[in-house]
Amino acid sequence: MKRTLLITGGAGFIGSHVVRRFVKKYPGYTIVNLDKLTYAGNLENLKDIETQSNYIFYKGDICDAPLITKLFEQHKFDGVIHLAAESHVDRSIANPMEFIQTNIVGTVALLNAAREAWRSNFDNKLFYHISTDEVYGSLGQNGKFTEKTPYDPHSPYSASKAASDHLVRAYYHTYKLPIVISNCSNNYGPNQFPEKLIPLAINNIKNSRPVPVYGTGQNVRDWLYVEDHAEAIDIIFHKGKVGATYNIGGDNEWKNIDLVRLLCKIMDKKLGRPEGTSEQLIQFVKDRAGHDLRYAIDSSKLQKELGWRPLTTFESGLEKTVDWYLSNQKWLDNVISGEYQEYYKKQYHLR
Ligand code: NAD
Ligand code: TYD
């Protein structure tokens, strides 16, 4: 089948796995990747597929309405998978405006362009918005987020994602724009920018630098291997019900401190250090402002209705992730030069 899809944010962490999957699995599709290449976007992530004949890259901003309109006219997209976003909570606390701009204004610019381009006929069109479980707020010790959990975002990041989710639904209800939304838990895997917990810890352990754990490390996150998320996106894009929301999660809750200790253990083995060496690097630091205690996802709707389930165990996923970071020093060196150093100094006040 021939289709032309716009994937936004395809040079980022999750986006690059989604682009690769679609380019390889669907040779009849043309995949157009639009990415601004912010600090988080990196074309190295797509080196292996960049010369494929069904792949096109544009450097550009999703807030640039004339550019998006032009791309819709030129390529006649019949689907959009929208991943472009500012994605890091700590950066949103330090500088919220960029998040409002890209996550809210950028999403509306895309919705407007899709609505305009598809106005004569919405058949076989789909605007798929990728979102996060953080829109639901924070859980206590029990319970899980379902698709019916009321929104209660706490950080500028999650509030901006919540706003974009609401706007996507508003375009469905008001204009009948065919949309689908998924809200996923924390992803991990190759190509994640080392500002997020797992790659940051791997990088610091490797370099024998302090590993910062916020507060007392009791916060809980549900971790999903990025390829499992990419598969869920594939399934929802092709089989999801128009207008629906699907929660995606790994059923894999970890307290931050336990996760960091596990990483230290894996790294000791990989680096040939005596067990317990890397744990000495753990340093409890000032807690994140408004730090959500616990996220947990009930993904039974997606599992029952569309047959998805996470395939990668945490053990094998972490192993693959650690191996990837250890054998991709050049990638790491590239992304942690320049801007990252400034960010790191301001964020952590650590050596
Ligand atoms: P990321 O920060 O690694 O990548 C974001 C990408 O978007 C980058 O390539 C960046 O250059 C691009 N981008 C940013 N602003 C842009 C703009 N104005 N115009 C065009 N491109 C722009 O993010 P990620 O972790 O891959 O997350 C991707 C999506 O998935 C986001 O929407 C995020 O909210 C969502 N999500 C992430 C997670 C997670 O754990 N990482 C979990 C659930 C949902
Ligand atoms: P992060 O990877 O930033 O994802 P999110 O905030 O979107 O869940 O953080 C995961 C958890 O790890 C979160 O509870 C904050 C915590 N954390 C640390 O303890 N130290 C760190 O240096 C970072 C980046 C995060």
Side-chain angles (χ1 to χ4, degrees), residues 7-19 33-43 45-46 58-64 67-68 81-93 98-99 101-103 105-107 109-110 129-135 138 154-155 157-158 160-161 164-165 182-189 191-201 204 210-224 226 229-230 233 247-249 254-257 259-260 282-288 291-295 297 335 344 347-348 350:
I7 299 186
T8 68
F13 166 46
I14 302 170
S16 60
H17 289 271
V18 173
V19 165
N33 173 13
L34 172 67
D35 197 296
K36 188 180 172 184
L37 299 181
T38 67
Y39 77 91
N42 185 352
L43 288 178
N45 296 350
L46 291 166
Y58 289 98
K59 181 177 189 301
D61 192 330
I62 56 166
C63 301
D64 183 347
L67 168 71
I68 298 166
I81 305 181
H82 173 37
L83 296 111
E86 287 293 334
S87 69
H88 190 40
V89 173
D90 293 320
R91 288 187 193 250
S92 83
I93 294 168
E98 202 70 33
F99 287 70
Q101 198 56 34
T102 286
N103 299 0
V105 177
T107 299
L110 285 167
H129 178 61
I130 306 298
S131 192
T132 167
D133 61 353
E134 304 192 24
V135 297
S138 182
H154 294 157
S155 72
Y157 164 65
S158 54
S160 68
K161 291 296 290 188
S164 65
D165 293 10
S182 59
N183 296 82
C184 188
S185 60
N186 287 61
N187 284 216
Y188 70 100
N191 304 98
Q192 187 169 30
F193 194 81
E195 63 189 351
K196 306 274 169 54
L197 179 64
I198 290 181
L200 184 139
N204 285 18
V211 180
V213 173
Y214 296 162
T216 55
Q218 298 306 300
N219 306 67
V220 174
R221 295 293 182 265
D222 168 38
W223 294 94
L224 179 70
V226 62
H229 189 188
I233 290 172
N247 278 356
I248 310 172
W254 283 79
K255 269 188 192 158
N256 291 340
I257 185 62
L259 168 54
V260 170
I282 293 175
Q283 200 163 310
F284 294 99
V285 299
K286 188 167 171 282
D287 208 353
R288 174 185 281 174
H291 197 172
D292 287 336
L293 177 67
R294 176 171 164 258
Y295 302 145
I297 275 272
V335 301
Y344 195 91
Q347 176 66 22
Y348 294 103
L350 289 170

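Every number for a ligand or one of its atoms is a count from 1 in the order of the listing.
A distance-only check finds no donor-acceptor pair linking the side chain of T102 to the backbone of E86 [under 3.5 Å]. Without hydrogens or angle criteria, D222 side chain to G249 main chain gives no donor-acceptor distance under 3.5 Å. The closest donor-acceptor contact from the side chain of D35 to the backbone of A11 lies under 3.5 Å. No donor-acceptor pair closer than 3.5 Å links the side chain of N191 to the backbone N or O of F13.
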- Task: Report the C-alpha distance between E195 and R91 in whole Å, list the side-chain angles of each, state the deciding distance to 0.1 Å, and finish with yes or no for salt bridge (charged side-chain N to carboxylate O under 4.0 Å, His left out).
- Result: CA-CA 9 Å; E195 63 189 351; R91 288 187 193 250; 2.6 Å; yes
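Heavy atoms only, all atoms of each residue included: A109 and I68 are closest at CB-CD1, 4.2 Å. The two residues Q192 and N187 come nearest to each other via the heavy atoms NE2-O, 3.4 Å.
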What does the contact table look like for ligand 2 (nitrogen or oxygen on each side, cut-off under 3.5 Å)?
| from | atom 1 | to | atom 2 | distance (Å) |
| --- | --- | --- | --- | --- |
| ligand 2 | 2 (O) | L197 | N | 2.9 |
| ligand 2 | 3 (O) | R288 | NH2 | 3.1 |
| ligand 2 | 4 (O) | N186 | ND2 | 3.2 |
| ligand 2 | 6 (O) | R288 | NH1 | 2.5 |
| ligand 2 | 6 (O) | R288 | NH2 | 3.3 |
| ligand 2 | 7 (O) | E134 | OE2 | 2.5 |
| ligand 2 | 8 (O) | N186 | ND2 | 2.8 |
| ligand 2 | 8 (O) | R221 | NE | 2.8 |
| ligand 2 | 12 (O) | N256 | ND2 | 3.3 |
| ligand 2 | 14 (O) | R221 | NH2 | 3.3 |
| ligand 2 | 14 (O) | N256 | ND2 | 2.9 |
| ligand 2 | 14 (O) | H291 | NE2 | 2.7 |
| ligand 2 | 19 (O) | Y214 | N | 2.8 |
| ligand 2 | 20 (N) | P212 | O | 2.9 |
| ligand 2 | 22 (O) | P212 | O | 3.4 |
| ligand 2 | 22 (O) | Y348 | OH | 2.7 |

Starting from the N and O atoms of ligand 1, collect every protein N/O partner closer than 3.5 Å and put each pair on its own line with the distance to 0.1 Å.
| from | atom 1 | to | atom 2 | distance (Å) |
| --- | --- | --- | --- | --- |
| ligand 1 | 2 (O) | S87 | OG | 2.6 |
| ligand 1 | 3 (O) | F13 | N | 3.1 |
| ligand 1 | 9 (O) | G12 | N | 2.9 |
| ligand 1 | 9 (O) | D35 | OD1 | 3.2 |
| ligand 1 | 9 (O) | D35 | OD2 | 2.6 |
| ligand 1 | 11 (O) | D35 | OD1 | 2.6 |
| ligand 1 | 11 (O) | L37 | N | 3.4 |
| ligand 1 | 11 (O) | T38 | N | 3.0 |
| ligand 1 | 11 (O) | T38 | OG1 | 3.1 |
| ligand 1 | 18 (N) | D61 | OD1 | 2.9 |
| ligand 1 | 18 (N) | T102 | OG1 | 3.0 |
| ligand 1 | 19 (N) | I62 | N | 3.0 |
| ligand 1 | 21 (N) | K36 | N | 3.0 |
| ligand 1 | 23 (O) | S87 | OG | 3.2 |
| ligand 1 | 26 (O) | F13 | N | 3.4 |
| ligand 1 | 26 (O) | I14 | N | 2.8 |
| ligand 1 | 32 (O) | L83 | O | 3.0 |
| ligand 1 | 32 (O) | K161 | NZ | 2.7 |
| ligand 1 | 34 (O) | Y157 | OH | 2.7 |
| ligand 1 | 34 (O) | K161 | NZ | 3.1 |
| ligand 1 | 40 (O) | N187 | N | 2.8 |

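In this structure, OG on S131 lies 10.5 Å from CG on L83, to the nearest 0.5 angstrom.
Looking only at atom types and distance, the side chain of S138 has no donor-acceptor partner in the side chain of H154 under 3.5 Å away.
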